[in-house]
Amino acid sequence: YSRNGEYQNTLFGPVDDEGNLLVGQYSRIIKDGFGGYLALDSFDNGLHRLDGYLGFVEWDGLSCAEGNLVNIRDIKSVEGCFVVLGSIQGTNLAGMVVYDNNLDFQWSQLVPYSSVAFLDAIHNTDGGYTLFYGGYYYFSVARISAEGVVLWSYNQLTPYIYSLIEINNRYFGLRYEGVSVEEGRVLIYDFGINFANEHPETPVLTIPTYRLLDDERVFPVIRTFDGCLVMAVSTPSGEVFKFDSNFNLLWSSNALSLDRIGIGKHPLIELDNGDILYCATVHEQPQHLALVRIDSNGNYVVNMDYTEPVPPSFRISAYPNPFSSEITIKTQGLPAIDSKLLIYNIRGQLLDTIELRDNTVNWTPRDMPSGIYILNLVGDGDILARKRISYIK
């Protein structure tokens, strides 16, 4: 599709040597950092490398210190690395394995796989990870540093959840319950700072939904650049919600209120200008997909593009990242007239402004806590590029 949602073309892959389409199902496609893509094929639990036109190039086998990775459930792109979730062939181990941009093994954190019903990992605001996994009645969680060291772990937490989100070391769990043949509800539990509240009995929020299929109890929820949360869920009053960090509702959007949207395992992403893009399954016969774009205020974007294309020559690089004192920031390409760097914290507060006279600047935080900060490269009133950096005192 074009940037304003107009259909452009349909591409297929992978194909065999004779050009026949191979049986498969891509459940995740991410950029590989080299102009192509990595696709997770949930049919054979493998990873495919695609070119810039989504054409099949080769099958990539992944391994780690414990053996070959099979039954790959997900692959996530994190700055400077890929996080892969799966199990180890010939063992009872499963967990997360981290690779660099060249898919060279870095480190892994594995758990016994005997009765794991779900397995996921989230990237924390401090640059580390939270691995969570569970059976059918409770789940376990482990906090892992950016270098792969387990900082703490909890076992047999309740209630059982389907999704987890973290912001500022505070964790929220999402659980679905069917109420009747037609109705259900999403329950949101507050597990507190670093899971201090191990067994919350009462949800902090209950959202009515349509009845979801058993294999679609997945609720996409993401952190936004301004430190808030956006969640997509099937409901009569709104399909996409935005909350602050305490799950206070900021807005809801019912752009597709005439259709009943099953959540499914589809992506929910934030674009560079703050718009939200979501791919939803509409439960009609035959089933079809709906591509939903909503601006940062919850308004449905219809047949118009509110963002200027980001020039491909503009990029921000920063090193070292994470940094502890001074960081060197480079912008690729000549800055536009009146270009500047705007530095925000994860709450969206502007902390510093750097007027650009050159492509390279050095920046030292002044009386700022450790955490994640956002660099915005701005020129002629437009955001040209964005970069996250981690500051550790």
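Computation of the quantities below employed the complete heavy-atom set of this structure, encompassing side-chain atoms and omitting hydrogens, waters and symmetry-equivalent molecules.
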- Message: Quick one, Arg143 with Tyr154, criterion side-chain hydrogen bond (donor to acceptor under 3.5 Å, both in side chains). Give me CA distance, side-chain angles, the key distance, then yes/no.
- Response: CA-CA 9 Å; Arg143 181 70 175 268; Tyr154 291 95; over 6 Å; no

- Task: Start with the C-alpha gap between Glu66 and Ser108, add the side-chain angles, then the distance that decides, and say whether side-chain hydrogen bond (donor to acceptor under 3.5 Å, both in side chains) holds.
- Result: CA-CA 9 Å; Glu66 292 78 11; Ser108 63; 3.2 Å; yes

- Message: Applying side-chain contact (heavy atoms from CB on, under 4.5 Å) to Ile122 and Tyr129, what does each step give before you reach the verdict?
- Response: CA-CA 6 Å; Ile122 58 176; Tyr129 303 90; over 6 Å; no

- Item | ring-ring contact (aromatic ring centres under 6.0 Å, His included) between Tyr160 and Tyr162, worked out | CA-CA 7 Å; Tyr160 177 85; Tyr162 297 101; 5.4 Å; yes

- Mind running side-chain contact (heavy atoms from CB on, under 4.5 Å) on Ile276 and Leu268 for me, showing each step along the way? CA-CA 7 Å; Ile276 302 299; Leu268 174 71; 3.5 Å; yes

- Verdict with reasoning, Val141 to Leu157, per side-chain contact (heavy atoms from CB on, under 4.5 Å): CA-CA 8 Å; Val141 63; Leu157 300 174; 3.5 Å; yes

- Item | Trace of the salt bridge (charged side-chain N to carboxylate O under 4.0 Å, His left out) decision for Asp120 with Arg73 | CA-CA 8 Å; Asp120 203 355; Arg73 301 191 179 198; over 6 Å; no

- Item | Step-by-step side-chain contact (heavy atoms from CB on, under 4.5 Å) determination, Asn321 to Ser390 | CA-CA 6 Å; Asn321 189 19; Ser390 298; 4.0 Å; yes

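Clustering ILVMFWY residues whenever any of their side-chain heavy atoms sit less than 4.5 angstrom apart, transitively, puts Val204 in the very cluster that holds Phe243. Residues Leu187 and Val179 fall into different hydrophobic clusters, defined by Ile, Leu, Val, Met, Phe, Trp and Tyr side chains chained together at heavy-atom separations under 4.5 Å. Under the 4.5 Å side-chain contact rule for hydrophobic residues, Ile392 and Leu151 do not share a cluster. Taken together through direct or relayed side-chain contacts under 4.5 Å among Ile, Leu, Val, Met, Phe, Trp and Tyr, Val111 and Leu85 form part of one hydrophobic cluster. Under the 4.5 Å side-chain contact rule for hydrophobic residues, Ile193 and Phe132 do not share a cluster.
At distances below 3.5 Å, at least one donor-acceptor pair connects side-chain atoms of Asp295 with backbone N or O atoms of Asn297. In this structure, Asp32 contributes its side chain and Phe34 its backbone to a donor-acceptor pair below 3.5 Å. Under the 3.5 Å distance criterion, the side-chain polar atoms of Asn273 are matched with a main-chain donor or acceptor of Asp275. Between the side chain of Asp244 and the main chain of Phe247, a donor-acceptor pair closer than 3.5 Å is present. Here the side chain of Ser63 pairs no donor or acceptor atom with the backbone of Gly67 at under 3.5 angstrom. Here the side chain of Glu198 pairs no donor or acceptor atom with the backbone of Ala196 at under 3.5 angstrom. Distance alone, capped at 3.5 Å, is enough to place a donor-acceptor pair between the Asp100 side chain and the Asn102 backbone. In terms of modelled atom types and a separation under 3.5 Å, the side chain of Trp152 and the main chain of Ile144 share no donor-acceptor contact. Looking at Asn359, its side chain does come within 3.5 Å of a backbone N or O of Thr331 through a donor-acceptor pair. A distance-only check finds a donor-acceptor pair linking the side chain of His199 to the backbone of Thr158 [under 3.5 Å].
With a 4.5 Å cut-off on side-chain heavy atoms, Val240 and Trp251 count as touching. With contacts defined as side-chain heavy-atom distances shorter than 4.5 Å, the pair Ile165/Leu229 qualifies. Side-chain atoms of Pro159 and Tyr189, non-hydrogen and from C-beta on, do get closer than 4.5 Å to each other. Side-chain contact between Tyr37 and Arg49 is absent, with no heavy-atom pair separated by less than 4.5 Å. Looking at Trp107 and Glu147, their side chains never come closer than 4.5 Å, going by heavy atoms from C-beta outward. When side chains are defined from C-beta on, Ile389 counts as touching Trp363, because their heavy atoms get closer than 4.5 Å. Side chains of Arg28 and Asp74 form a contact here, defined as non-hydrogen atoms less than 4.5 Å apart. Ile329 is listed as a side-chain neighbour of Ile316, based on a closest heavy-atom distance under 4.5 Å.
What you find for Leu131 and Gln109 is that their closest heavy atoms are CD2-O, 4.0 Å. Taking both residues in full, the closest heavy atoms of Asn101 and Cys81 are given as OD1-N, 3.8 Å, listed atom of the first, atom of the second, then distance. The two residues Tyr171 and Leu164 make their nearest non-hydrogen contact at CD2-CD2, 4.0 Å.
Classified by interplanar angle (parallel below 30°, tilted 30° to 60°, perpendicular above 60°), the ring pair Phe139/Phe191 is perpendicular.
A salt bridge does not link Arg185 with Glu183: every distance from a Lys NZ or Arg NE/NH1/NH2 to an Asp or Glu carboxylate oxygen is 4.0 Å or more. We find that Lys242 and Asp226 are joined by a salt bridge, their nearest charged nitrogen and carboxylate oxygen being less than 4.0 Å apart. The existence of a salt bridge linking Asp190 and Arg170 is confirmed by a sub-4.0 Å separation between a basic side-chain nitrogen and an acidic carboxylate oxygen. Between Glu270 and Arg223 there is no salt bridge, since none of the side-chain N atoms of the basic residue sits less than 4.0 Å from a carboxylate O of the acidic one.
In Glu58, the CD atom is crowded: over 12 heavy atoms of neighbouring residues, nucleotides or ligands sit closer than 6.0 Å.
Here the CG-CG distance, from Asn246 to Leu205, works out to 12.0 Å after rounding to the nearest 0.5 Å. Rounded to the nearest 0.5 angstrom, Tyr344 OH and Leu342 CG are separated by 4.5 Å. To the nearest 0.5 Å, the span separating OH on Tyr278 from OG on Ser253 amounts to 12.0 Å. The structure places CD1 of Ile207 at 7.5 Å from CG of Leu174, a figure rounded to the nearest 0.5 Å. Once rounded to the nearest 0.5 Å, the distance linking CG of Asp352 with NZ of Lys340 reads 12.0 Å. Ser317 OG to Lys387 NZ: the interatomic distance, rounded to the nearest 0.5 Å, is 7.5 Å.
The hydrophobic cluster containing Leu62, built from Ile/Leu/Val/Met/Phe/Trp/Tyr side-chain heavy atoms closer than 4.5 Å, also comprises Ile30, Leu38, Leu40, Leu47, Leu69, Ile72, Ile75, Phe82, Val84, Ile88, Leu93, Val97, Tyr99, Leu103, Phe105, Leu110.
By the side chain to side chain donor-acceptor pair (under 3.5 Å) test, Ser87 pairs with Asn71, sequence neighbours left out.
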